[in-house]
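What follows is a short report on a single structure.
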Amino acid sequence: MKTHTTLLLTPLILLAALMAACKPSGSSDSAAAGSGSAAAAPNPYAVAANAAIGKEVELTANDQMKFNLEFFDVEAGQVVRLTLKNVGSMPKMSMGHNLVILVDNVDEQAFVEAAMNAPVTDYVPADMASSVIAHTKLLGPGESDSITFKAPTKKGRYTFICSFPGHFQVGMKGFMVVR
Ligand SMILES: [Cu+2]
């Protein structure tokens, strides 16, 4: 019985030894593939905390569901620091505001519809992160938030919106113009 078990186990041990021998190349292949996909994954608009600011932009949002600016300009690839202040007085629950800058070719209507179901993430749907260049927090009255990001390298108009339910629909949006 003992001999029989050994005979059975020997091929398994050999197989395990073969797999172990193959593992270094196999794992380095998968590591290479992993770093390849990891290289694509980082947010191209993210900047280091100590990055030099190329452009400061300040916007306000109010109880009339308006931003004070319909557009602002940045240069391609510039590090932008954007501050949004909610200058209204109505409660955050009913009149919160954020500012979400979208990449181009985003279905804005689909985005805001998904946003309605994302109150826990400040109405920025987590599964649509790839559609977002940058966004502020959701702000109550008197609150402000600053975000720093790298402007797209592709020139053009990029829509920014407030994704609080209903606000985009009444025109709470504008453009970041990349020159
Ligand atoms: Cu709003």
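In each ligand, atom 1 is the first atom listed, and ligand 1 is the first ligand listed.
Checking Met172 against the Cu ion (ligand 1), an N/O/S atom falls under the 2.8 Å cut-off.
With ring centers used as reference points, Phe111 lies 6.0 Å or more from Phe168.
Distances from the Cu ion (ligand 1) to the N/O/S atoms of His97 are shortest for ND1. Considering just the N/O/S atoms of His167, the one nearest the Cu ion (ligand 1) carries the name ND1.
To the nearest 0.5 Å, atom OG of residue Ser163 and atom CE of residue Met172 are 10.0 Å apart. The distance from atom NZ of Lys92 to atom NZ of Lys137, rounded to the nearest 0.5 Å, is 7.5 Å.
Looking only at distances, a side-chain donor or acceptor of Asp63 sits under 3.5 Å from a matching main-chain atom of Met90.
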